[in-house]
Amino acid sequence: MKTKFRKLILMTDESRRSVLTQSMQELGLLHIEHEAIDIPEETETLLHEQNQVKRLIHILENAGCSGGQPSGNRMEIGEVIQQLLKINEQTEAIHQEKEQLERNVRHLAPWGNYHFHKFQRLMENGLYGYLCHTDKQSFARINQSDAIVEKINQFGNNVYFVVITQDKDYSPSFEYFPVPKNSPADLAEAINQQQNQLTETIATLQSYSGYLPTLQQYLIKVADAIALSRAEASYHEHSDGRLISISAWFPAKNEQKVLHFLDRERVAWKIRDPQKEEKVPVVLNNRSYPRLFEPITQIFELPNYNETDLTPFLSVFYPILFAYCLGDAGYGFVLMVLMIAGYFSVFRQTRSIAVLGIILGGVTTVMGFIKSGSLFGIALMSDHPQAWIRQLSQWVMIPDDSTRIFNAFNVALMIGVIQIHTGIAIAIYNKIKYKGYTYALAPVGKLLVVSSLIWIFLADMQEIAELNVLGDFRNYQLISGIVLVVFFHDMDLSLAKRLGGFFMPLFFIFTGILGDILSYVRLFALGLASSVLGLVVNQIGLQIMGESIFSMILGVVFLVLGHALNFGIAALGSFVHPLRLTFVEFYGNVGFQGKGLTYRPFKKSKLTV
């Protein structure tokens with residue numbers, strides 16, 4: 001479900017622009033319609049300052065600052081920012097110089113730790129030294145008659161050596177450069193000095209720890225000022241600028257608060273319902289259980305205001321799809337236990353995520369027993385030698401038995417058929433509610449075509465006797481659906497254009513239905529894969545176990561690690577592939593348009609840095 005919105009249009013004289021805008025910010029309910037205009041210079045300055053303060057807060061936090069009282073005489077916020085920017089500039093310069101020195105050390109490392117003063121004495125006597133590098137074959141061909149060549153190191157096919165020559169313009173075919181004045185030892189000492197300077201700058205930054213809360217509060221003020229500046233720039237001017245107007249959206253449930261605000265401000269106003277072509281903000285408003293699945297809905301995008309929120313339907317189908325993919329009762333139980341532990345620890349701040357995981361784990365545990373029957377890779381068979389496994393096998397309702405109609409493969413396809421039909425039914429509802437009955441005729445035709453094709457396939461091709469009734473009716477149903485699609489597939493076109501372009505809609509329906517339903521085979525395949533891999537892990541683990549304690553420990557370790565790896569891979573696939581089935585097959589048949597505009601009320605609020 002979505003929250004209902006209403007539109008507010010305000011008009012006042014230019015002199016009240018600033019006061020009215022501040023009052024709207026204090027109200028904190030209105031989503032301002034911002035015009036696509038150039039950003040005012042004042043706003044650009046504030047945005048630059050906001051980025052600066054954010055960066056400084058991160059720098060202080062990375063330096064280990066956590067707040068407290070400022071030491072010494074308290075400075076103004078502007079002076080604090082300037083001082084911190086100066087320290088940060090010095091720190092970055094030290095970092096860059098240190099990184100350059102470290103690169104030089106790595107570059108000179110193959111030639112070892114030479115002493116430049118020895119080369120300097122050679123240069124005073126007319127000799128020149130070069131550090132050189134080439135491959136092994138080229139090194140063997142170097143002419144050493146007019147130069148001294150001393151091999152220093154060799155790594156694989158690369159040879160590092162020194163050449164001493166009287167030729168000032170020495171220019172060989174291999175890589176070379178004059179001996180640097182700074183040896184690796186000198187560079188290491190310089191790096192150490194730079195590190196000491198960095199330590200000093202960090203200590204200096206930590207002395208500003210007491211200003212961290214002040215900077216965070218100042219960041220909030222800057223953000224509010226930016227929002228205020230953008231809102232003031234969103235007015236329309238009338239009567240040569242003497243009058244101004246602004247448009248905004250607010251949740252209909254808050255209308256009384258808005259009316260009280262309007263009475264207090266004494267402005268000209270108009271409130272109305274949204275029109276079809278308008279871009280209206282969206283707020284999902286579901287009950288407690290479907291609300292848990294809103295993060296999954298938002299992975300794709302919000303629905304627009306003029307279509308149904310699919311979260312309630314996703315909350316029904318997604319746990320089934322997830323459980324069918326994971327397919328093992330043991331893995332479902334492990335997921336449920338992990339999420340229960342996370343509820344009281346890592347997910348303490350976002351417990352709804354933990355509750356969602358508990359639900360998925362619980363449904364998977366049940367599904368693991370009733371579908372195929374798998375417990376940590378152990379097949380629950382009625383003829384198993386273990387009595388407790390034979391007892392659990394009585395829970396299996398959807399076996400991997402091709403002779404049974406309701407086997408794991410067919411049920412996966414049935415889930416697809418149900419979800420696709422649900423999607424088309426929602427599409428019909430959307431058309432009736434938001435566009436009108438005539439627009440709903442095309443999806444009605446699609447529903448007739450899809451259902452009749454499935455009926456014909458099962459009754460005639462699969463020869464299911466129970467469905468082989470009313471044979472002529474399914475044919476009439478197919479023809480009726482085709483007619484509806486042909487004549488009403490795009491009501492925004494004229495009848496002649498619709499008749500001329502009917503082929504592609506029918507083509508996509510006939511070809512899409514096969515691909516959509518077969519996509520649900522992945523539910524069966526992924527569930528089977530995780531069960532088979534679990535079975536393989538058990539077989540190998542039992543083979544490793546012997547009579548010795550060492551082999552028993554090794555076998556247990558293999559079982560734990562093997563099942564942990566299989567569980568991780570299976571859980572990832574069980575999360576991703578139902579998303580694909582939801583966002584492609586289900587959303588596609590619903591005709592989901594999306595691109596919903598997030599509701600961002602113009603208000604003073606704290607920021608998370």
### Message
Evaluate Tyr520 against Phe524 for ring pair (Phe, Tyr, Trp, His ring centres under 6.0 Å), listing each step before the verdict.
### Response
CA-CA 8 Å; Tyr520 288 83; Phe524 166 76; over 10 Å; no

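- Closest approach of Thr364 and Gly327 over heavy atoms only: CG2-N, 4.2 Å.
- Taking the six-membered ring where tryptophan is involved, the planes of Phe586 and Phe317 are tilted, since the angle between them lies from 30° to 60°.
- Contact check for Val483 versus Phe488: no side-chain heavy atoms found under the 4.5 Å cut-off.
- Ring to ring, Tyr587 and Phe583 are close: their centroids are under 6.0 angstrom apart.
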Please tabulate, for side-chain N and O atoms in residues 426-442, each donor-acceptor pair with protein atoms closer than 3.5 Å (sequence neighbours left out).
{"unit_1": "Asn430", "atom_1": "OD1", "unit_2": "Thr308", "atom_2": "N", "d": "3.2"}
{"unit_1": "Asn430", "atom_1": "OD1", "unit_2": "Thr308", "atom_2": "OG1", "d": "2.4"}
{"unit_1": "Tyr439", "atom_1": "OH", "unit_2": "Asp492", "atom_2": "OD1", "d": "3.0"}

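- For Pro601 against Gly28, the heavy-atom pair with the smallest separation is CB-O, 3.6 Å.
- In summary, Arg580 and Glu585 engage in a salt bridge, as defined by a charged side-chain N under 4.0 Å from a carboxylate O.
- Note: Trp395 and Phe369 have tilted aromatic rings, judged against thresholds of 30 and 60 degrees for the angle between ring planes.
- To the nearest 0.5 Å, atoms CH2 (Trp249) and CD (Glu278) are separated by 4.0 Å.
- Side-chain atoms of Arg348 come within 3.5 Å of backbone N or O of Phe344 as a donor-acceptor pair.
- Residues passing the side-chain contact (heavy atoms from CB on, under 4.5 Å) test with Ser374, sequence neighbours excluded: Asp328, Ser531.
- The only option from Arg230, Lys7, Arg600 that meets the salt bridge (Lys or Arg N to Asp or Glu O under 4.0 Å) definition with Glu33 turns out to be Lys7.
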### Query
For Lys279 and Asn304, what are the C-alpha separation, side-chain angles and deciding distance, and is it a side chain to side chain donor-acceptor pair (under 3.5 Å)?
CA-CA 8 Å; Lys279 191 76 171 177; Asn304 66 56; over 6 Å; no

For residues 330-340, which side-chain N or O atoms pair as donor and acceptor with protein atoms under 3.5 Å away, sequence neighbours left out?
{"unit_1": "Tyr331", "atom_1": "OH", "unit_2": "His563", "atom_2": "ND1", "d": "2.8"}
{"unit_1": "Tyr331", "atom_1": "OH", "unit_2": "Asn566", "atom_2": "ND2", "d": "2.8"}

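- Here the side chain of Gln477 pairs a donor or acceptor atom with the backbone of Leu448 at under 3.5 angstrom.
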### Query
For Tyr599 and Phe5, what are the C-alpha separation, side-chain angles and deciding distance, and is it a ring pair (Phe, Tyr, Trp, His ring centres under 6.0 Å)?
CA-CA 10 Å; Tyr599 171 57; Phe5 274 81; 5.1 Å; yes

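- Under the 30°/60° scheme for interplanar angles, the aromatic rings of Phe300 and Phe592 are found to be tilted.
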